[in-house]
Enquirer: 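One structure follows; several queries about it will come next.
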Amino acid sequence: MRVLVTGGAGFIGSHVVEALAGDGHEPVVLDVRGPAGGDVRNPEAVRRALRGVDAVCHQAAMVGLGDGVADAAEYVSRNDLGTAVLLAGMAEAGVRRLVLAGSMVVYGEGRYECAVHGVVRPGPRAVSDLDAGRFEPVCPRCGRALLPGLVGEDAPADPRNVYATTKLAQEHLAAAWARSAGGSAVSLRYHNVYGPRMPRDTPYAGVASFFRSALARGEAPRVFEDGGQRRDFVHVRDVAAANVTALAADAAPGVLTVYNTGSGEPHTVGEMARSLAAAHGGPEPVVAGEYRLGDVRHITADSGRLRAELGWTPRVSFEEGIREFAHAEPRTAADA
Ligand SMILES: NC(=O)c1ccc[n+]([C@@H]2O[C@H](COP(=O)([O-])OP(=O)(O)OC[C@H]3O[C@@H](n4cnc5c(N)ncnc54)[C@H](O)[C@@H]3O)[C@@H](O)[C@H]2O)c1
Ligand SMILES: [Zn+2]
């Protein structure tokens, strides 16, 4: 297959390109970065990139938590206008297969159970609670402590920041395209992806990258809240393999199918910091009680559907991935 990888010069996209080539496919890249730069918002660039293409793997996006609403227009432009221009180009060119880089952020806070009220949806955490070091969300009905669980694909969407809103809109656009163009669309809702070539610590980078950069400077990683936030850290090579699997699978036409894409093994942010510091040879992390308002407390997915329906299995264990990441070169400022 000839596959257009948008964002193919980025962290995940570059691994998708390698995985496709390694599997005998022919990847072509559309990315604003790099010598042959092109913007997904530019219909002419999209038209050129789609020539002779069988499928599209859409990774291009502006990522991260961002800056409140100050950069909202740029997020919407790159992520949603960009997706719309790409889909219109695909409809015109008759390309009927799409795999989209989705995200767990569309769920907002994870799944919680109250001993009395069953599955509940806690609201955004109050500043007064966070300031007092009360990080765990409580039952919105009775105030009891909650038990965090695994989020399934059928959980309601509840985007809590601008980035999350644009990732959800990408899926709605892809669903509209699938319906009207008879295409098949798959959204892989990635968990926290980490591994080689992860961007350095910009305001948009993931937590593993912040920790890694602190260690490289000889500084202690600073763990937010109390370090008990649960996440699913999935290795970038496993995510790339999931993309290749989804591109090659016969997805249902006319609809969008979504799959949670995680390792299936939740870890806390504190554990990640400790493991990474140990693999790096210190210094030990500090837990400082700082917080970011847009963060969610626990979010861990049930990725069983991707395993069961497409036969994908993650291969890089947490221990092995962290060991490698502790010594990997981050993407340099010149590449970023
Ligand atoms: N890293 C994660 O943990 C994570 C988690 C969930 C979802 N995702 C999604 O995965 C995808 C890839 O993210 P990443 O972590 O590799 O980020 P990244 O920033 O490394 O890669 C994104 C790439 O898209 C390119 N790009 C941005 N706007 C563009 C435009 N208008 N036209 C063409 N190219 C453009 C950038 O130049 C960059 O190379 C994104 O869609 C992101 O939302 C990432
Ligand atoms: Zn309750």
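Both counts, for ligands and for their atoms, begin at 1 and track the order of listing. None of these values were measured; they are calculated from a predicted model. Excluded from the calculations below are hydrogen atoms, water molecules and symmetry mates; all remaining heavy atoms, backbone and side chain alike, are included.
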Enquirer: Out of Y190, F233, Y194, whose heavy atom is nearest to atom 6 (C) of ligand 1?
Expert: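 Closest candidate by heavy-atom distance is Y190.
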Enquirer: Determine, for D80 against R41, whether the closest basic-nitrogen to carboxylate-oxygen distance falls under 4.0 angstrom.
Expert: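 Between R41 and D80 there is no salt bridge, as every charged N stays at least 4.0 Å from the carboxylate O atoms.
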Enquirer: Hey, does L30 come in under 3.5 Å of ligand 1, counting only N/O atoms on both sides?
Expert: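 Between L30 and ligand 1 (N or O atoms, distance only) the closest approach is not under 3.5 Å.
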Enquirer: Looking only at distance, does R78 have an N or O less than 3.5 Å from an N or O of ligand 1?
Expert: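 Yes - when backbone and side-chain N and O of R78 are compared with those of ligand 1, one distance drops under 3.5 Å.
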Enquirer: Quick one: does ligand 1 sit under 4.0 Å from the side chain of H191, the backbone, both or neither, non-hydrogen atoms only?
Expert: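 Contact part for H191 vs ligand 1: backbone (N, CA, C, O).
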Enquirer: Looking only at distances, please establish whether an N/O atom of ligand 1 is found under 3.5 Å from an N/O atom of N192.
Expert: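 N/O-N/O distance under 3.5 Å: no.
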Enquirer: Output the distance between atom CG (D71) and atom OG (S77), rounded to the nearest 0.5 Å.
Expert: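 Here the interatomic distance stands at 12.0 Å.
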Enquirer: Check all N, O or S atoms of H117 and name the one closest to the Zn ion (ligand 2).
Expert: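 Closest to the Zn ion (ligand 2) among those atoms: ND1.
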Enquirer: Which of the listed options, G37, G102, A101, holds the heavy atom that is closest to atom 7 (C) of ligand 1?
Expert: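 Nearest heavy atom to atom 7 (C) of ligand 1 lies in G102.
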Enquirer: Would you say G13 and ligand 1 have an N/O pair spaced under 3.5 Å apart?
Expert: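 No, no N or O pair falls under 3.5 Å.
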Enquirer: Taking both backbone and side-chain atoms of F11, is any N or O found less than 3.5 Å from an N or O belonging to ligand 1?
Expert: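 Yes; the residue has a nitrogen or oxygen that sits under 3.5 Å from a nitrogen or oxygen of the ligand.
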Enquirer: Show which atoms of ligand 1 fall inside a sub-4.0 Å distance from at least one heavy-atom site of A9.
Expert: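 Near A9, meaning under 4.0 Å from one of its heavy atoms, ligand 1 has 39 (O).
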Enquirer: Flag the pair E44 and R47 as a salt bridge only when some basic side-chain nitrogen lies within less than 4.0 angstrom of an acidic carboxylate oxygen.
Expert: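 Here E44 pairs with R47 in a salt bridge, since their nearest N and O are under 4.0 Å apart.
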Enquirer: Of D39, V32, L81, V193, which has the heavy atom at the shortest distance from atom 3 (O) of ligand 1?
Expert: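 It is V193 whose heavy atom sits nearest to atom 3 (O) of ligand 1.
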Enquirer: Would you call Y190 and I12 a side-chain contact if the rule is heavy atoms closer than 4.5 Å?
Expert: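 They are in side-chain contact.
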Enquirer: Give a yes/no verdict on whether any heavy atom in G38 is under 4.0 Å from an atom of ligand 1.
Expert: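 Under 4.0 Å: yes for G38.
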Enquirer: Would you say ligand 1 has an N or O under 3.5 Å from any N or O of K167?
Expert: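 So ligand 1 has an N or O lying under 3.5 Å from an N or O of K167.
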Enquirer: What I want to find out is whether E74 reaches R78 closely enough, with some N-O distance under 4.0 Å, to be called a salt bridge.
Expert: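 Yes.
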Enquirer: Taking N or O atoms only and a 3.5 Å limit, does Y163 qualify as a polar contact for ligand 1?
Expert: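 The answer is yes, given that Y163 and ligand 1 share an N or O pair closer than 3.5 Å.
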Enquirer: May I ask you to check whether I12 has an N/O atom sitting below 3.5 Å from an N/O atom of ligand 1?
Expert: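 Yes, I12 has an N/O under 3.5 Å of an N/O on ligand 1.
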Enquirer: Please check if atom CZ in R307 has more than 12 non-hydrogen atoms from other residues, nucleotides or ligands closer than 6.0 Å.
Expert: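 More than 12 within 6.0 Å, yes.
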Enquirer: Using the ring of each side chain (for Trp, its six-membered ring), is H267 parallel, tilted or perpendicular to F318, with breaks at 30° and 60°?
Expert: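 Answer is parallel, since the angle falls under 30°.
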Enquirer: When only distance counts, is G10 in polar contact with ligand 1, meaning an N/O pair under 3.5 Å?
Expert: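 Yes - when backbone and side-chain N and O of G10 are compared with those of ligand 1, one distance drops under 3.5 Å.
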Enquirer: Measure the spacing between CG of N79 and CG of L168 and express it to the nearest 0.5 Å.
Expert: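 Here the interatomic distance stands at 12.0 Å.
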Enquirer: Closer than 4.0 angstrom, basic N to acidic O: yes or no for R189 and E171?
Expert: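 Yes, charged N to carboxylate O under 4.0 Å.
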Enquirer: I need the atoms of ligand 1 closer than 4.0 Å to a non-hydrogen atom of S103, numbered in the order shown.
Expert: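 In order of number, 6 (C), 7 (C).
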Enquirer: Is a salt bridge present between E109 and R297, judged by a nitrogen-to-oxygen distance below 4.0 Å?
Expert: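 Looking at R297 together with E109, the answer is no, because their closest N to O distance does not fall below 4.0 Å.
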Enquirer: Count the heavy atoms of every other residue, nucleotide or ligand shown that sit under 6.0 Å from CD of E290, and state whether that count exceeds 12.
Expert: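 Yes, CD of E290 has more than 12 neighbouring heavy atoms, counting only those of other groups under 6.0 Å.
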Enquirer: Before signing off on this row, confirm whether V63 and ligand 1 have an N or O atom pair separated by under 3.5 Å.
Expert: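 Not met; the criterion fails.
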